[in-house]
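Accompanying notes for the structure given below.
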Amino acid sequence: MAEWNAFYQNEEADEEQEEGEESAVNYKVTGRDSLVFLVDASKEMFIKGEDGEPSNFDITMQCVRSVYTSKIISSHRDLVALVFYGTEKSKNPRNSFKHVYVYHDLDEPGAKRVQDVEALRGERGARLAADTMGSGEVSLGDALWCCSNLYSDIKLRLSHKRLMIFTCMDQPHGGDSTKDRQARTKAGDLKETGVVIDLMHLMKPGGFDVSLFFCDIVSPPEDESELGLQVEPCGKLDDLQKRVQAKQQKKRAMARVNLCLGEGMNVAVGVYANAVTARKPSAIRLYRETNEPVHSKTRTFHTQTGSLLLPSETRKAQVYGNRQIVMEKDEVDTIKKFYDPEIFLIGFKPMEKLKLHHHIRPSVLLYPEEQQVTGSSCVFAALLKKCTEKKVFAVCRYTPRRNYPPRFVALVPQREEVDESNVQVTPPGFNAIFLPFADDIRKLDTPQFPTASDVQVDKMKEIITKMRFKYRSDAFENPVIQQHYRNLEALALDMLAPESIEDFIMPKVEQIDRRLGPLVDEFKELVYPASYNPDSKPAAKRKTADAGGGDEKKPKVEIPEAELRAHIKNGTLGKLTVPVLKEACKQFGIRTTGTKKQELMDALIAQMAK
Amino acid sequence: MARAAKSALVLCMDVGFSMSNSPPGEEPPFDQAKKVIQKFVQRQVFSESKDEMALVLFGTDATKNPLDQDGQYQHITVRRQLMAPDFELLEEIENHVRPESQQTDCIFSLVAVGLFIQRIKMLVKKYDRLNIVLLTDLSTQVSSDNLDVIIGNLGKLGITLQFLNFFIHMCDPENSNNMGNSYYRPGVGKGLSREQKQGLEMVRDIMLSLDEDEGLDQVYTFSEAIEQLFMFKHIERRPMAWPCQLTIGSSLSIRIVGYKAVTDEKLKKMWITVDAQTSKRDDVKRETVYCLDDDNETEVQKDDTIQGFRYGSDIVPFSKVDQEQMKYKHDGKCFAVLGFTKHDSVWCSLWFQTIKMFAPKDDEHAGVALSALIQALDKLNMVAIVRYAYDRRCNPQVGAAFPCIKQTYECLVYVQLPFMEDLRQFSFPSLENKKFTPSESQLAAVDSLIDSMMLVEEDENGQKEDMYKVHEIPNPAFQRLFQCLHHRAVNPGTPLPTMEQWLKDALERPSAISERCQAPLEEMKRKFPLKAVEKKKELKTGAQIFGKGSAEPDAKKSKVDEEEEEFNLAKISEGNVTSVGSVDPARDFRSLINQKSLPFGEVCQQLTHRIEQLLSNRSTHYYMKCITCIQTFREQSVKLGNADLYNSYLQSLKKSIPNSGLQVFWDLLVQGMISLFIGEEKKEVETEPAVDDAGDVDDLVSVCLNSSALKYLMFVS
């Protein structure tokens, strides 16, 4: 199943960000995230690998670029900066630090910045770097100090501060203990203000020894079980290079309501979406001349007087049975009001009563809100436990907001699941599945067919077994959205063509064919007769093809008057087709303006009655 | 052309003499019949059905019908020709249908109606179904002379008959709660008059000969009919077929047809906006204009705008044409299997609708092939993951096809699965926390609560009875809307009615359950202490936030008083202030000066130190604090008549501003404060204004914090 698994491997979303979010206990994070890339620009970074492998500097720029472009899509409000140290020239706010070159200030990333970084890549990038910055003395302490100034110059509220050091030197100061000490102190200061320092150590001949110096610089791992630092040249780099083109979602409750078990027994729960259809970001309207954004204003006015109408000067209406029924706006609202927002327990049903296909909306997850009603979590945990044990689900009436008609939901217990490394796979809680009303279910005529024989079924089983794979819900990217982002990127960065996307939801026909081999033909032999071709057009359409199109029909169209009269007399005129009726009209010299059947028929009847 | 087909329905109501007779204390059959008709027409009006309806009354004093010739077919009135039902019809029923005093043989009327329909049919209107609904108490003498002919004729016309009869004594009480299933059972009819029995026989004859199987199911009593007609008809939409091919790899394909089976149904009609005075829609017009973000809000034409998308901090112009050209394109309609996976690995989904896939009706081979797939999936407990595209214009989806095997049919059920972008994978703290782990007795309480609230129970026969079938409840939003619309249409000018009782009941816990769960619920309440946390954030009204505008001067005044007061309190409560802290340095400073335990100079030094410290944070919140400090510093200096320290501090602060990047702070201070330096208004304090560049000083003469600056600060922090 290797190929199928290959489907998914590079899909792990930007761990950096996710971890950052999860670790925040109070998940109602406000403010923006910030990230500073502190990149070593000393000569060693520009040395190329033996067989034409890109230099460390090149790899770093690749990373930075990919983070920039990912950030732009996933959370463009986050702030990013790029700072080089160990440069010849200096450029920083008050030019108080030597050998520190602030290439990009902490700011929202944009097209220009991506292009800047792009320019630093490859052979030409190295030359450009040498020209603009050069390589010189290294003082990590100064660099860190400069970074701390970057942070403190920001007037916005920052929720998460991260600093990444990219270097291939395990002893940046070559053993200069004063500088080492200075760097340690500055790193300490930074950490104190809540900055997380990460080391992205790159390849170095002879290996990178973290313990020599950097172990004192970086922030201790958040997870205590993770022992020490990674010894391998950083695997995190791969993570950084991953393209993440999905808008990052903040964890937010859709609603906070009471789960009412009965009179006076209210448990507070938060309602969270499991999945929401992601759409292309909405377009912004721009003025053609200047490309500046315009905003829209909608107003309501009276057609006769031209005066603007206040909301109170209009009413709402609907037309039914040829009558316009008028209501006040607040009446329209009260009609929608049934209950106050709540989830009201009706009762329980055994799990097998839940019809799989009777869902009408994406399910939501309920999780207790201890902050609103203390004791909620305990009741919730007990209910969850018991419902799981007894294999039942709860039927509830759910009113998400005021003036919102109720829906019924099935609360299906979901136990917490963790993987080997104790990472939560599924959170604990009740999945609320929306149930349809009578109106939502359509009656279908179900055709009946003979069921397949065991031999046929067994053959299909073989096919299915050959095509098994492990489904993961995050395996498929939406090609429509991905293509849109790539297009946008290409336009913004003046690229010749957008980067191509991989369409994950395209069947891998060749692989499937190879895998199934002769099974397909064997199955077809079992179920289809030799003459049958499932790819041909349905039978009805073939008939018209056999008849040779409409041309032949024309001569037949004429109809004797007597027959026509008989039809009219018996009221069976409707059985004739429109072309026949048209022809008949011509025959009797009736001019018809309409082409509708009823009109033709009316005209004919009128003529005949004369 | 199935869509064009309509059905026609003729309501025949007996308004004759016997209909208004009833035993005392009971509703006369006439009233009941009228109610049935009203409810029925209402339903038709709101379901917007194209079905046409006619109303024929018999037993009327007058005669008005197309067959009225030579004294035949007397006392039959056609109140309304076949046409779509509307409110006029409802009003007509309300106002013009009243009991009259003639008697007509109902079977005879049937003949009349039959002929009537025949005539209409001749007028070339085409219906795919013809119905006659006869509302009568059958208490008139019926002649059975021409029965055969009548039956023959009705049958020929393909008319189905429904009898709504009024048999008071036949309503058997056990059945009265059971919606829908109660119908007249022959033989129960005790207490019928001879005529009624005879009439019934006749009806039975007709019904049986017209429709052998369920002829008698079509005979209802009035009260049953009313019960059935209580609710407004629910929406029925004709499912559209979606023919396609299920493909596995390149060479295996099975022809299928998809139908939407379950979907969140919405009403077709929207509210329209009308003018309040004239109630005319055309009087109101909405328009959208686009304006530039300049001070004049210059309007620009819609044609002069293009669309763009945000790319980080930039906006990239991206015209619709370009977008169309560059967008993801695919080959259109498809239902291709990507692979198969375990049933239970698919749990999270975007179920907006479910589509059922069958083989085409006329294609048995496809049926067998599909059946093989369905059976195999079912046996292996697997599902197919498929790529689904409705057509070329629609975006492709990824979804799962589940096997669904019913007694009468088999099909694949397709549901959409989320894309990676759609997922919100949040994690939550574990509930296996010691703090929240329920005790054994608590679990037992929950256990008994669940037991008492089971909605599905086995009856004596081992049959599982579901007490609460959600999928049989009509959408309450529609029901309520129709109720209100109907009320407003019929009784304009009166307030809206309350919710109908049956609807209320349908949405509540079944009474049997609520009784049973009383005790376990009480137990739960005892076992689980719940306490609502006081809500800090109440709904804030605009007045609370902004309403202070007028009262501001007062507020300010009282604030000054308060400060005095607070100050006194502070003296008492915080007698042990020893240094200027960082929490409220201004107050500390003031109390230290009041205590006079430390020399003025030292206190000032502490304060300025604090200010420096706060400023180094470079956050507007701290700026605010610093401004307060400086204000207090100034105020106390003036009070003590010692301005040297203050002025020199400010001087040095000012000098340091350009280097420390604190221009914002300085601007705020300058804008918001007091004349910075002490001098001009305090003549008794003999100090020179220590500033040379008087330019600054001049625009600093405002007394209190400029309110706009204050607001700015509040919003920022």
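Numbers restart at 1 for each chain; the letters A, B, ... are given by sequence-line order, proteins then strands.
- Side-chain rings of B:Tyr468 and A:Phe408 approach one another, their centers coming within less than 6.0 Å.
- For the side-chain contact (heavy atoms from CB on, under 4.5 Å) test with A:Met460, the passing option among B:Leu377, B:Leu373, B:Leu380 is B:Leu373; the others fail.
- Contacts between A:Leu261 and chain B at a heavy-atom distance below 4.5 Å involve backbone atoms as well as side-chain atoms.
- With a 4.5 angstrom heavy-atom cutoff, A:Lys349 touches chain B via backbone and side-chain atoms both.
- The aromatic rings of B:Phe318 and A:His484 lie parallel to each other, their planes meeting at an angle below 30°, with 60° marking the opposite boundary.
- Options A:Gly264, A:Pro479, A:Ser152, A:Pro405 differ in how many heavy-atom pairs under 4.5 Å they form with chain B, and the most are formed by A:Pro479.
- Heavy-atom distances place the side chain of B:Ile385, and not its backbone, under 4.5 Å from chain A.
- With a 4.5 Å cut-off on non-hydrogen atoms, A:Arg397 touches chain B through its side chain but not through its backbone.
- In this structure, the portions of B:Pro396 lying under 4.5 Å from any heavy atom of chain A include both its backbone and its side chain.
- Atom CD1 of residue B:Ile513 and atom CD1 of residue A:Ile346 lie 9.5 Å apart, to the nearest 0.5 angstrom.
- Contact record, B:Phe528 with A:Ala382: CZ-CB, 3.8 Å, taken as the closest heavy-atom pair.
- Both the backbone and the side chain of A:Phe301 come within contact range of chain B, with heavy atoms under 4.5 Å apart.
- Using a 4.5 Å cut-off between heavy atoms, A:Leu384 contacts chain B through its side chain alone, with no backbone atom that close.
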Stepwise, does the salt bridge (charged side-chain N to carboxylate O under 4.0 Å, His left out) test hold for B:Glu88 with A:Arg323?
CA-CA 9 Å; B:Glu88 251 169 58; A:Arg323 182 156 305 181; 5.5 Å; no
